[in-house]
Protein chains: 2
Amino acid sequence: MSGLRSSQVAAATGVNLQTLRYYERRGLLAEPDRSLGGHRLYPEHTVTALKVIKAAQRLGFTLDEVADLLEAGQHRHARRQDAGLQARARARLSEVQAKIANLQVIAGTLRAAVDAGCDDLVACTDQPCCPIPFATIAVGASDADPR
Amino acid sequence: MSGLRSSQVAAATGVNLQTLRYYERRGLLAEPDRSLGGHRLYPEHTVTALKVIKAAQRLGFTLDEVADLLEAGQHRHARRQDAGLQARARARLSEVQAKIANLQVIAGTLRAAVDAGCDDLVACTDQPCCPIPFATIAVGASDADPR
DNA sequence: TTGCATCCGGTACCTAGGTACAGGCTTACC
DNA sequence: GGTAAGCCTGTACCTAGGTACCGGATGCAA
């Protein structure tokens, strides 16, 4: 009985060895078979699974969401209405679009600050000669992920 | 001798009371005067300062950067070449633009996934009939803030 | 002066996604 | 069989930006 050793999987995917175990704890990776001595022996498709996980992360899904999506893919029947990749992708898409819109507002403000030549946050805020309303700017348009 | 009590400042700015002390520890707020019993008495302009801090945060600056910017605004001479608001705003602007570009790639991919009707991450990855290359998608275009 | 709301400092905890370390066992190769 | 590399579990730590809790002190009004 054979399989990939954890360092091989790590090397093949660029994922840290500790992270592999972390994903296992989080339920993203199935528990692999073990050697007689207790060492993990991964099946080949684990490499694919990790690539999928990383791709989904790059699309902005959290690890919890990725776990749900993988789960939903397994037993397709008896799953919640909005658990499918379709619905999640649509929801995620509108989040990403909202984020883009926020960032465009922010970019516009930064450009204005540069163009106006402001060089002191507090002075600009106190005096109305500065065109940038620092005290009230872009409320609710946080750069941070709002999820 | 008077001034605003911490709860008044908190209420006026929507900032948590603990956060006020946190900002003081981080050097974002000057240490205020105290009552005889040791209670903080804030000057009026602290409210403005907090609004500025929150605005700068919304523009995507970290608290460390905000502290630097406030510092730089105080003693304008003898400061580093790139410490000014101008330079920082320019740098931040290009970061924001890069982030927008990344998100646009991600949005495009999500749209493709929705249009193609994929509903199973792993199946889509294994079979080449799916137009979405989950295993190789948008490498380096993480949604996470790359700073 | 009593009573209650507020504030104090210090410390611990939270999210998200990992990463590192310690001490001991296993595997592989010569 | 020896030995070095690799792997095991468990636990602690990291970033960033806060938030919560505790026991005790203070402020203020009646």
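Not measured: the values here are computed from a predicted model. The basis for the numbers below is simple: all heavy atoms, side chains too, and nothing from hydrogens, waters or symmetry mates. Labels below follow one simple rule: chain letters A, B, ... track the order of the sequence lines, proteins then strands, and each chain is numbered from 1.
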- Could you tell me the separation between the CD atom of A:Glu31 and the C1' atom of D:dC7, rounded to a whole number of Å? 16 Å

- With sequence neighbours excluded, give me every salt bridge (charged side-chain N to carboxylate O under 4.0 Å, His left out) pair touching residues 39-50 of chain B. B:Glu24-B:Arg40

- Query: Partners of A:Arg26 by side-chain hydrogen bond (donor to acceptor under 3.5 Å, both in side chains), sequence neighbours excluded?
  - Reply: A:Tyr22, A:Asp64

- Closest-nucleotide 5' rank along DNA chain D - winner of B:Gly37 and A:Arg40: A:Arg40

- Position toward the 5' end of DNA chain C (nearest nucleotide), B:Tyr42 or A:Arg26: B:Tyr42

- Query: Which atom names give the shortest non-hydrogen contact between B:Gly3 and B:Leu41, and what distance separates them?
  - Reply: O-CD2, 4.1 Å

- All side-chain contact (heavy atoms from CB on, under 4.5 Å) counterparts of A:Thr46, not counting sequence neighbours: A:Val9, A:Leu29, A:Tyr42, A:Pro43, A:Leu50

- Query: If only side-chain N and O atoms of A:Ser35 are considered, is one of them under 4.0 Å from the OP1 or OP2 phosphate oxygen of D:dC7?
  - Reply: no

- Query: In chain order, what residues pass the side-chain hydrogen bond (donor to acceptor under 3.5 Å, both in side chains) check against B:Gln18, with sequence neighbours excluded?
  - Reply: B:Arg21

- Query: Taking C-beta and beyond as the side chain, do B:Lys54 and B:Arg58 meet within less than 4.5 Å on heavy atoms?
  - Reply: yes

- Heavy atom of residues 14-24 of chain B under 4.0 Å from DNA chain D: which residues? B:Asn16, B:Gln18, B:Thr19, B:Tyr22, B:Tyr23

- 5'-most to 3'-most nt of DNA chain C touching chain B (<4.0 Å, heavy-atom partner on protein side) reads C:dT6 to C:dG9

- Separation of D:dC8 atom C1' from A:Arg34 atom CZ, nearest Å, is 8 Å

- Item | Partners passing side-chain contact (heavy atoms from CB on, under 4.5 Å) against A:Asp115 (at least two apart in sequence or in another chain) | none

- Message: Within this structure, what is the CG-CG distance for the pair A:Leu63 and A:Asp68, rounded to the nearest 0.5 Å?
- Response: 11.0 Å

- Take the protein atom CG of B:Leu41 and the nucleotide atom P of D:dT26, then report the distance between them rounded to whole Å. 14 Å

